[in-house]
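Encoded as structure tokens, the structure appears first; notes follow it.
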Amino acid sequence: LTGLYNKEAFYHKVRQQLHTEPEKAQSIIYANIDDFKLVNDLFGRKTGDTVLIKTAEYLTDLCGTEGICARINADKFAVCLAKQHFSEDSLNSIAEKLSTVIQKSAKPLCIRFGVYHIEDPQVTVSVMAGYAKRALKTIKGDTVKRIAYYDNTFLVQKQREQRIMATFDGALNDRQFKIFLQPQISANGEVQGAEVLVRWIHPEQGLIPPGEFIDTLEKTGLISRLDKNVWEQAAELLRQWQGTEKDGLYLSINLSAKDFYYLDVYETITQLAERYGIAPQKLRLEITESVLMSDVEKLMDITQRLHERGFYIEIDDFGKGYSSLSMLKDIDVDVLKIDMEFLNETEHEEKSRIILESIIEMSKRLGMAVITEGVETQAQTELLQNIGCTMFQGYYFAKPMPVQEFERKYFVQGA
């Protein structure tokens, strides 16, 4: 279609060039068109082919007579050219020209570039292309950046990911992953329950925050094993609280998209409640709206069955997705969780306040509770109370804390 080399030919030609001119500084560029599948779906295959041909033309012009250009697959392209001929202006010019190829599109085409300036010409070409591709992935979905560069920080990140994966099994077996609780508090100051979060307490490094390991576990699919462990710790804690003054509390556990892929979530959750002898409503299931939207029919069926068994369903990050109201129509939801960023991340604070007030009123009419999380100030608390919110979670009330600290802070010693 494009007249360019394919992937295998590209690797071969680049290897030849590096062997012939090992002292010449060169760069690998990996390019990808955003949402290209939509072009074929909306405008037809012929238009899609036109986009690919134009992209090939622009990249070929960039390469000149000495560079090497290839279509790796679908809408992914790769270029190798002398570093002295590389410029961001050239790539931005290609992006600008491509954005006008489909005149009738409401959303202009966007092409992004990952760049790797070759440091060691002995490295396998596929690995070099992988470096450029990895850089490109860091700006996927970015509304501003079109160009990203691979540097040593990626290598450091990769080494850290490998360490996490190598030590995960041992850490899980040694119970290094501990649940922390962030209380959910009513307007009168009483603790009603808590969200269950996880921290890695490493014997040498101490507390490792979730931001340093959750993404890696998500990417590798290990997150479902960690989540299952966290759920079990929560169920075990609820059993310990039975017959004490803490017996009335609930715990909210998080379910990720990967959990539904790797686990039989229904069987796992129901068996936990049965094994530990806890009432289903004490173990609340917190699911982000984006998770439900990833495989609507399957996930809604599972959550509906869990709801029928007595488990409360909480929707986290409500309002950040695109199908919120439709989802509420089709699934039984007990609790909506709204983040204070809903108010903070806008210049239209008054509009946001009205929308938030309407959500709270709507939830009451639908028989749902609302919890506002991310509450950090007294002013925010007062605003939320004035518009009808009666449940809060956030640093203004308490940060996530170890179980023992939670029990000491909110309950009588020894109870």
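- A donor-acceptor pair shorter than 3.5 Å can be found between the side chains of Asn229 and Gln233.
- Annotation: side chain of Thr390 is not in contact with side chain of Ser186 (no heavy-atom distance under 4.5 Å).
- Between the side chains of Gln205 and Trp200, no donor-acceptor pair is found at a separation under 3.5 Å.
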From CA spacing to verdict: side-chain contact (heavy atoms from CB on, under 4.5 Å), Ile223, Ile214: CA-CA 7 Å; Ile223 191 67; Ile214 292 294; 3.9 Å; yes
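- Side chains of Val333 and Leu366 form no contact here, defined as non-hydrogen atoms less than 4.5 Å apart.
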Check against ring pair (Phe, Tyr, Trp, His ring centres under 6.0 Å), Tyr5 and Tyr11: CA-CA 9 Å; Tyr5 290 123; Tyr11 292 165; over 10 Å; no
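- When the options Lys337, Glu314, Gln393, Gln182 are evaluated for a side-chain hydrogen bond (donor to acceptor under 3.5 Å, both in side chains) with Ser252, the one that passes is Glu314.
- Side-chain contact between Leu263 and Asp227: absent, with no pair of heavy atoms (C-beta onward) separated by less than 4.5 Å.
- The two residues Pro183 and Met401 have their closest heavy-atom pair at CD-CE, 4.1 Å.
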Chi angles and distances behind the side-chain contact (heavy atoms from CB on, under 4.5 Å) call for Leu306, Val265: CA-CA 9 Å; Leu306 286 165; Val265 170; 4.2 Å; yes
Intermediate values then yes/no, salt bridge (Lys or Arg N to Asp or Glu O under 4.0 Å), Arg134 and Glu161: CA-CA 14 Å; Arg134 194 177 303 166; Glu161 290 179 358; over 6 Å; no
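- If you take OG1 on Thr55 and CZ on Phe36, they are separated by 7.5 Å, rounding to the nearest 0.5 Å.
- Within the 4.5 Å cutoff, no side-chain heavy atoms of Leu285 are placed close to those of Thr303.
- Using a distance-only test at 3.5 Å, with no hydrogens or angles considered, a donor-acceptor pair links the side chain of Arg112 to the main chain of Lys145.
- To the nearest 0.5 Å, atoms CD1 (Ile287) and CG (Asp316) are separated by 10.5 Å.
- Ion pairing between a basic and an acidic side chain is recognised when a charged N comes within 4.0 Å of a carboxylate O; Glu274 and Arg309 show such pairing.
- Applying the 6.0 Å contact sphere to NZ of Lys76 captures more than 12 heavy atoms from other residues, nucleotides or ligands.
- Crowding of Lys228 atom NZ: a count of heavy atoms from other residues, nucleotides or ligands under 6.0 Å not exceeding 12.
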Tyr250/Tyr312 under ring pair (Phe, Tyr, Trp, His ring centres under 6.0 Å): CA gap, chis, key distance, verdict: CA-CA 10 Å; Tyr250 61 81; Tyr312 277 36; 7.9 Å; no
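- The main-chain N or O of Glu218 is found under 3.5 Å from a side-chain atom of Lys258 such that the two form a donor-acceptor pair.
- Other residues, nucleotides and ligands contribute at most 12 non-hydrogen atoms within 6.0 Å of the CD atom of Gln404.
- Here Leu197 contributes atom CG and Ile253 contributes atom CD1; the two are 12.0 Å apart, rounded to the nearest 0.5 Å.
- For the residue pair Asn254 and Glu195, a side-chain donor N or O sits within less than 3.5 Å of a side-chain acceptor on the partner.
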Full working for side-chain contact (heavy atoms from CB on, under 4.5 Å) between Leu356 and Leu384: CA-CA 9 Å; Leu356 183 56; Leu384 291 165; 3.7 Å; yes
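- There is no side-chain donor-acceptor pair under 3.5 Å between Asp89 and Ser87.
- Side-chain contact between Lys246 and Gln240 is absent, with no heavy-atom pair separated by less than 4.5 Å.
- Checked against the 6.0 Å centroid criterion, the rings of Phe77 and Tyr58 do not qualify as a close aromatic pair.
- If you take CG on Leu222 and CG on Leu172, they are separated by 9.5 Å, rounding to the nearest 0.5 Å.
- The aromatic rings of Phe86 and Tyr149 sit perpendicular, their planes meeting at an angle over 60°, well past the 30° parallel limit.
- Nearest approach of Ala31 to Leu136, heavy atoms of both residues: C-CD2, 4.3 Å.
- Ile111 is not listed as a side-chain neighbour of Leu91, based on a closest heavy-atom distance of 4.5 Å or more.
- Distance check, rounded to the nearest 0.5 Å: CD1 of Ile360 to CD1 of Ile355 gives 12.5 Å.
- One distance of note links CE of Met165 with NZ of Lys219; it measures 9.5 Å at 0.5 Å rounding.
- The two residues Thr372 and Cys389 make their nearest non-hydrogen contact at OG1-SG, 3.0 Å.
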Chi angles and distances behind the side chain to side chain donor-acceptor pair (under 3.5 Å) call for Ser256, Asp259: CA-CA 5 Å; Ser256 74; Asp259 294 330; 3.2 Å; yes
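- Donor-acceptor pairing under 3.5 Å is lacking for the side chains of Tyr262 and Arg225.
- In this view, Thr138 satisfies the side-chain hydrogen bond (donor to acceptor under 3.5 Å, both in side chains) rule with no residue, not counting sequence neighbours.
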Working for salt bridge (Lys or Arg N to Asp or Glu O under 4.0 Å), residues Arg353 and Glu350: CA-CA 5 Å; Arg353 188 193 64 77; Glu350 180 60 19; 2.9 Å; yes
Name the atoms and distances for all side-chain donor-acceptor pairs under 3.5 Å in residues 114-130, with sequence neighbours left out.
{"from": "Tyr116", "atom 1": "OH", "to": "Glu119", "atom 2": "N", "distance (Å)": "3.4"}
{"from": "His117", "atom 1": "ND1", "to": "Ser27", "atom 2": "OG", "distance (Å)": "2.6"}
{"from": "Asp120", "atom 1": "OD1", "to": "Gln122", "atom 2": "N", "distance (Å)": "3.0"}

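- The only option from Leu283, Val196, Leu255, Ile179 that meets the side-chain contact (heavy atoms from CB on, under 4.5 Å) definition with Trp231 turns out to be Leu255.
- For the pair Arg146/Glu96, a side-chain contact is recorded, criterion being any heavy-atom separation below 4.5 Å from C-beta on.
- Here the side chains of Asp334 and Phe311 are not in contact, with every heavy-atom distance at 4.5 Å or above.
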Stepwise side-chain contact (heavy atoms from CB on, under 4.5 Å) test for Thr244 and Phe411: CA-CA 10 Å; Thr244 74; Phe411 299 98; over 6 Å; no
Stepwise salt bridge (Lys or Arg N to Asp or Glu O under 4.0 Å) check, Asp75 with Lys37: CA-CA 9 Å; Asp75 60 323; Lys37 184 177 182 298; over 6 Å; no
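- Using cut-offs of 30° and 60° for the angle between ring planes, the Tyr150 and Tyr131 rings count as parallel.
- In terms of heavy-atom proximity, Gly374 sits nearest to Asp339 at CA-OD1, 4.4 Å.
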Stepwise salt bridge (Lys or Arg N to Asp or Glu O under 4.0 Å) test for Arg275 and Glu232: CA-CA 10 Å; Arg275 185 159 71 249; Glu232 183 137 14; 3.1 Å; yes
